[in-house]
K.L.:
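Dumping the structure here so I can ask a few things about it.
Predicted, not measured: the structure shown is a model, and the values here were computed from it.
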Amino acid sequence: MKMKEELIEKVNWEKNNGIVPVIVQDTKGEVLTLAYMNKEALVKTLETGYAHYYSRSQKRIRMKGEVSGNVQRVKEIRIDCDNDALLLIVEQAGVACHTGNYSCFYRKLGEPEKAVGGIDYSLTILRELEELIKQRKENPKEGSYTSKLFKEGKEKIYKKFGEEAIEVLVAEGRKRIIYETADLLYHLLVLLAYNEISLGEVMEELRRRRK
């Protein structure tokens with residue numbers, strides 16, 4: 001425990017406004033990705049043994065592979081000579097890159113994109129949308145439709161979900177059904193967020209039923 005506290009305190013958090021870059025490589029030495037951590041992410045990583053990073057776009061802590069299952073079990077953490085960057089050596093489950101490639105550094109500069117088929121990021125997109133909706137609920141933003149829904153309250157949220165469900169039922173043609181279903185899923189996530197229910201809880205109920 002003392003060694004963990006010493007590492008946390010040794011990092012120069014002030015240099016880059018509380019965030020440090022993290023180079024991640026597997027146990028064979030292949031560089032997998034470049035990520036970022038704040039102090040909380042490092043604490044969670046040390047506590048759980050699995051890599052947690054700070055998402056600068058979503059402004060939240062996330063465990064690597066929390067949706068895809070491609071987790072990174074941390075074997076070793078090193079700090080650089082200036083105390084402002086970290087190196088993680090991990091056991092990588094599955095692939096590290098969202099493109100489906102094993103490493104984010106899968107091509108040389110100037111090389112064409114290497115497409116990897118069969119990758120479905122549907123849950124990742126839903127998770128990102130869920131997080132954005134949560135942010136708009138907790139920190140209302142001027143001009144945001146989502147924030148407006150939460151401000152108007154339960155009656156408006158439930159009414160919109162009902163309207164969108166009907167739109168799906170009466171939609172004609174493949175493209176229209178897809179379009180209206182996307183609206184329905186969005187308003188469902190708003191309804192769940194209003195009731196402080198996470199998508200993960202719904203998935204857990206589906207998993208329970210499958211058993």
Side-chain angles (χ1 to χ4, degrees), residues 1-109 119 121 123-144 146-147 189 193 198-200:
M1 184 66 180
K2 185 178 179 181
M3 290 181 63
K4 293 179 180 179
E5 292 176 352
E6 289 177 352
L7 174 61
I8 293 169
E9 294 306 317
K10 191 172 183 180
V11 176
N12 185 349
W13 300 107
E14 288 71 33
K15 186 171 182 179
N16 292 304
N17 299 315
I19 300 174
V20 296
V22 183
I23 300 168
V24 186
Q25 70 178 47
D26 66 13
T27 53
K28 295 180 181 179
E30 182 169 358
V31 177
L32 301 176
T33 191
L34 171 67
Y36 296 87
M37 281 186 180
N38 60 7
K39 186 178 291 187
E40 183 183 354
L42 180 55
V43 169
K44 285 183 177 294
T45 298
L46 291 168
E47 287 178 346
T48 65
Y50 289 90
H52 285 69
Y53 303 118
Y54 176 74
S55 171
R56 294 175 298 168
S57 59
Q58 299 179 22
K59 300 189 185 317
R60 72 175 182 96
I61 308 298
R62 62 179 181 85
M63 185 180 82
K64 173 64 176 177
E66 64 183 5
V67 174
S68 66
N70 298 331
V71 297
Q72 295 175 339
R73 187 176 181 84
V74 180
K75 306 300 292 183
E76 186 178 340
I77 300 179
R78 300 182 186 181
I79 189 168
D80 83 330
C81 56
D82 292 322
N83 298 328
D84 60 1
L86 296 172
L87 169 67
L88 263 59
I89 299 175
V90 304
E91 286 183 351
Q92 175 67 49
V95 300
C97 184
H98 74 279
T99 63
N101 289 282
Y102 179 65
S103 167
C104 292
F105 300 97
Y106 57 85
R107 57 178 176 168
K108 296 179 182 178
L109 189 64
I119 304 299
Y121 294 105
L123 289 180
T124 302
I125 293 169
L126 283 175
R127 182 65 185 85
E128 290 174 351
L129 180 56
E130 179 185 46
E131 184 62 31
L132 179 59
I133 289 170
K134 181 181 177 182
Q135 290 177 15
R136 292 292 183 266
K137 178 186 178 184
E138 296 175 349
N139 301 293
K141 183 177 180 181
E142 187 69 29
S144 166
T146 306
S147 296
L189 289 175
S198 72
L199 187 60

K.L.:
Distance check, rounded to the nearest 0.5 Å: E76 atom CD versus I89 atom CD1?
P.N.:
4.0 Å

K.L.:
For the atom pair CD (Q135) and OG (S144), what is the distance rounded to the nearest 0.5 Å?
P.N.:
10.5 Å

K.L.:
Would H52 and R62 satisfy side chain to side chain contact (heavy atoms under 4.5 Å, CB included), going step by step from the backbone distance to the final call?
P.N.:
CA-CA 6 Å; H52 285 69; R62 62 179 181 85; over 6 Å; no

K.L.:
Given side chains that start at C-beta, do those of Y53 and V22 come closer than 4.5 Å, heavy atoms only?
P.N.:
yes

K.L.:
Do L199 and R127 touch side chain to side chain, with heavy atoms closer than 4.5 Å?
P.N.:
no

K.L.:
Go through the steps to decide whether I19 and W13 satisfy the test side chain to side chain contact (heavy atoms under 4.5 Å, CB included), and finish with yes or no.
P.N.:
CA-CA 6 Å; I19 300 174; W13 300 107; over 6 Å; no

K.L.:
Run the side-chain contact (heavy atoms from CB on, under 4.5 Å) test against I77 and tell me which residues pass, sequence neighbours left out.
P.N.:
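I77: side-chain contact (heavy atoms from CB on, under 4.5 Å) contacts with L7, L42, T45, L46, V74, L86, L88.
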
K.L.:
Salt bridge (Lys or Arg N to Asp or Glu O under 4.0 Å): which pairs involve residues 8-24, sequence neighbours left out?
P.N.:
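Passing the test, one end in residues 8-24: K15-D84.
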
K.L.:
Return a table of donor-acceptor pairs under 3.5 angstrom between the side chains of residues 30-41 and protein atoms on other chains or two or more places apart.
P.N.:
from	atom 1	to	atom 2	distance (Å)
N38	OD1	E40	N	3.3
N38	OD1	A41	N	2.9

K.L.:
Please name the pair of heavy atoms, one in V95 and one in N101, separated by the smallest distance, quoted to 0.1 Å.
P.N.:
CB-O, 3.4 Å

K.L.:
Quick one: salt bridge (Lys or Arg N to Asp or Glu O under 4.0 Å) pairs with a partner in residues 65-75, sequence neighbours left out?
P.N.:
R60-E66, K75-E91

K.L.:
Which heavy atom of R136 sits nearest to which heavy atom of S147, and what is that distance?
P.N.:
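Closest heavy-atom pair between R136 and S147: O-OG, 3.2 Å.
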
K.L.:
Who passes salt bridge (Lys or Arg N to Asp or Glu O under 4.0 Å) against R56, sequence neighbours left out?
P.N.:
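Salt bridge (Lys or Arg N to Asp or Glu O under 4.0 Å) list for R56, sorted by chain: empty.
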
K.L.:
If every non-hydrogen atom of A96 is compared with every non-hydrogen atom of K64, which pair is closest and at what distance?
P.N.:
O-NZ, 2.6 Å

K.L.:
To the closest 0.5 Å, what do you measure between NZ (K134) and OG1 (T146)?
P.N.:
15.0 Å

K.L.:
Between Y102 and C97, is a side chain to side chain contact (heavy atoms under 4.5 Å, CB included) present by the stated rule, with each step listed?
P.N.:
CA-CA 6 Å; Y102 179 65; C97 184; over 6 Å; no

K.L.:
Which residues satisfy the side-chain contact (heavy atoms from CB on, under 4.5 Å) test with A193, sequence neighbours excluded?
P.N.:
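With neighbours one apart ignored, the set is I133, F150.
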
K.L.:
With side chain to side chain contact (heavy atoms under 4.5 Å, CB included) as the criterion, how do L129 and L189 come out once you've worked through the C-alpha distance, each side chain's angles and the decisive distance to 0.1 Å?
P.N.:
CA-CA 8 Å; L129 180 56; L189 289 175; 3.7 Å; yes

K.L.:
Has D26 got a side-chain atom pairing as donor or acceptor with K28's backbone, closer than 3.5 angstrom?
P.N.:
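Yes, because the side chain of D26 sits within donor-acceptor range (under 3.5 Å) of the backbone of K28.
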
K.L.:
So does K44 pair up with E47, basic N to acidic O under 4.0 Å?
P.N.:
no

